[in-house]
Amino acid sequence: MRKLVIFLLIVASIYINPTSIFANGTSYFEEPVSPIGHVLPMEESVISIESEKLYIDIEQQRDISFPIMLANVRVIYEMENKTAEDLLVPIAFPQPGESSEWSIDLDGTEIPLTGNVPFDPEELIGDDPHIEWINPRTGKKYSFGGYDVIGNSNKLGAKTFEVTLNAKSTQTLTIEYKATLGIDERASLHPIYRLDYLLHPASYWSDFKDLNIEVKVPKRASVYVNLPLQKDGNTYSGTFDTLPEENLILFISPSSGILINLFNSRGIALLALVLMLPIYYIIIRLLKRTSIKHKKSISLIILGLFALAGLDIISHKILGYPVTMVQYVLYVLCLLTLGWMWSRAFSKSAEQEKNSDD
């Protein structure tokens, strides 16, 4: 029994990292909406956008505490200067959230960023901002309790650069970068991520048409998108002849393991963890009474499956801060209890077999 206890404690120490629960100062990490989006002319525009191709690839990176979502954005504009002279056009690109790996080029020539300017939210978002958060697993609205950069900020930042557009010609402007997504880990057992791509600034150009959108999301993720995009596997795409009335809003909840993906409620997940003990006890008792030759080995495999199922549940912070640490203690106690049940059942079985041989 002592060896089994030591083994289970070693397993628990390998799979559990208690320091990870404080990675964000709280187990319920809340981040505001992260709006990104369309090029915006900083002066009255006589330039038209003949087409825009928007590609967003949502990348999921594993972290000890929760998955991190990054948006790999690539947007291609066909911009036409219909005047008879070359024009130097100052442009702003809204990106108030964290971003990196910027690349801007005009017809293959690299364009440097020149700075950052503030804008009023109404200038970038329009008169009808999408403040509500939606749980993509249920499709229902809920009240986000954190700080909302769109709803509460006086100014939104935008990166700036300049391009020279030749007279009577159409040129290709390409922008690429990585951006973070907003996250709400408070509302449900599974984190909800949000991305706002601001299409409203396109209305500042002299003309805009032919918008193509393609969004690729992680496999098995639950997704809600406000625009009428068609789903094909894990890709959402759509074509618009004119500018949509709303900005592009995307909510994502990534797939979480196997067992835990069935639950939305922290209470139900906690109940499932507790119910594992009597369920395992019933299974092991039934198995002990069978005549299967390798029932001891089979019972160890079942023990391992229950231990992994418990880890699957416990890794999602089913108890809130500041008592998050308690759930790891609870998991260790469950492991010890499962091991004790197995040891007690099969040690008695071994003793009975020995007595019958004597």
Side-chain angles (χ1 to χ4, degrees), residues 34-56 71 73-97 99 102-130 149-150 153-177 179 195-214 227 238-249:
S34 292
I36 59 178
H38 209 282
V39 286
L40 175 70
M42 296 178 64
E43 299 174 355
E44 186 175 352
S45 176
V46 293
I47 305 299
S48 67
I49 295 182
E50 296 299 300
S51 71
E52 174 187 355
K53 295 179 181 179
L54 171 63
Y55 302 96
I56 300 176
V73 180
R74 184 169 185 255
V75 55
I76 303 172
Y77 302 98
E78 295 293 330
M79 310 182 77
E80 184 177 5
N81 176 7
K82 298 180 180 180
T83 70
E85 59 182 18
D86 295 348
L87 295 177
L88 179 63
V89 183
I91 295 176
F93 194 95
Q95 179 42 266
S99 61
W102 281 80
S103 173
I104 303 174
D105 74 69
L106 182 68
D107 290 339
T109 301
E110 185 177 351
I111 304 296
L113 292 171
T114 57
N116 191 73
V117 295
F119 284 91
D120 293 328
E122 294 78 10
E123 295 180 85
L124 301 180
I125 300 164
D127 298 328
D128 188 22
H130 193 292
V149 69
I150 288 182
S153 178
N154 292 325
K155 296 290 183 179
L156 296 180
K159 297 187 181 301
T160 58
F161 56 94
E162 294 180 336
V163 297
T164 299
L165 300 178
N166 300 327
K168 298 288 186 179
S169 63
T170 299
Q171 293 174 263
T172 302
L173 176 68
T174 303
I175 300 175
E176 296 182 74
Y177 60 96
L195 178 69
D196 289 50
Y197 189 87
L198 304 178
L199 296 169
H200 175 74
S203 62
Y204 288 91
W205 298 96
S206 65
D207 192 19
F208 178 89
K209 54 187 176 182
D210 293 342
L211 169 64
N212 291 275
I213 299 175
E214 182 178 297
L227 296 182
T239 301
F240 303 86
D241 295 332
T242 58
L243 187 66
E245 294 182 2
E246 297 182 89
N247 295 308
L248 172 64
I249 314 294

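Just so you know, residue 1 is the first one in the sequence shown, and it goes up from there. What's counted below: heavy atoms across the whole structure, side chains too, no hydrogens, waters or symmetry copies.
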* Distance-only donor-acceptor check, side chains D107 and T109, under 3.5 Å -> no

* Asked: Without hydrogens or angle criteria, can the side chains of T172 and E78 be said to hold a donor-acceptor pair below 3.5 Å?
  -> yes

* Option passing side-chain contact (heavy atoms from CB on, under 4.5 Å) with N81 (candidates T164, V89, T170, L87) ->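 Exactly one option meets the side-chain contact (heavy atoms from CB on, under 4.5 Å) with N81, and it is L87.
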
* Asked: Can you tell which of I56, V75, L248 makes a side-chain contact (heavy atoms from CB on, under 4.5 Å) with I213?
  ->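 Answer after filtering I56, V75, L248: L248.
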
With the side chain counted from C-beta on, respond yes when [X] and [Y] share a heavy-atom pair under 4.5 Å apart, and no when they do not.
{"X": "L227", "Y": "Y197", "answer": "no"}
{"X": "Q171", "Y": "M79", "answer": "no"}
{"X": "P94", "Y": "L156", "answer": "no"}
{"X": "K159", "Y": "S99", "answer": "yes"}
{"X": "I175", "Y": "I111", "answer": "no"}
{"X": "W205", "Y": "Y77", "answer": "no"}
{"X": "I76", "Y": "Y55", "answer": "yes"}

Got a list of side-chain donor-acceptor pairs under 3.5 Å for residues 35-45, not counting sequence neighbours?
residue : atom : partner : partner atom : Å
H38     : NE2  : E52     : OE1          : 2.8
S45     : OG   : I47     : N            : 3.0
S45     : OG   : I47     : O            : 3.2

* Do you know the tightest heavy-atom contact between A71 and L195? -> CB-CD2, 4.1 Å

* Exercise: identify the closest heavy-atom pair between Q95 and Y177 -> NE2-CE1, 3.5 Å

Between [X] and [Y] (side chain of the first, backbone of the second, donor and acceptor by atom type, cut-off under 3.5 Å), is there such a pair?
{"X": "N247", "Y": "L199", "answer": "yes"}
{"X": "N166", "Y": "D86", "answer": "no"}
{"X": "D241", "Y": "D210", "answer": "no"}
{"X": "T174", "Y": "D105", "answer": "no"}

How long is the span from the [atom1] atom in [X] to the [atom2] atom in [Y], to the nearest 0.5 Å?
{"X": "T160", "Y": "I91", "atom1": "OG1", "atom2": "CD1", "result": "10.5 Å"}
{"X": "L165", "Y": "K82", "atom1": "CG", "atom2": "NZ", "result": "13.0 Å"}
{"X": "E80", "Y": "K168", "atom1": "CD", "atom2": "NZ", "result": "8.5 Å"}

* Does E50 have any side chain to side chain donor-acceptor pair (under 3.5 Å) partners at least two apart in sequence or in another chain, and if so, which? ->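 By the side chain to side chain donor-acceptor pair (under 3.5 Å) rule, E50 matches S48, K209.
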
* Non-neighbouring partners of E162 that pass salt bridge (Lys or Arg N to Asp or Glu O under 4.0 Å), sequence neighbours left out ->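 E162 satisfies salt bridge (Lys or Arg N to Asp or Glu O under 4.0 Å) with no other residue.
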
* Which class fits the ring pair F93 and W102: parallel under 30°, tilted 30 to 60°, perpendicular over 60°? ->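 F93 and W102: perpendicular rings.
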
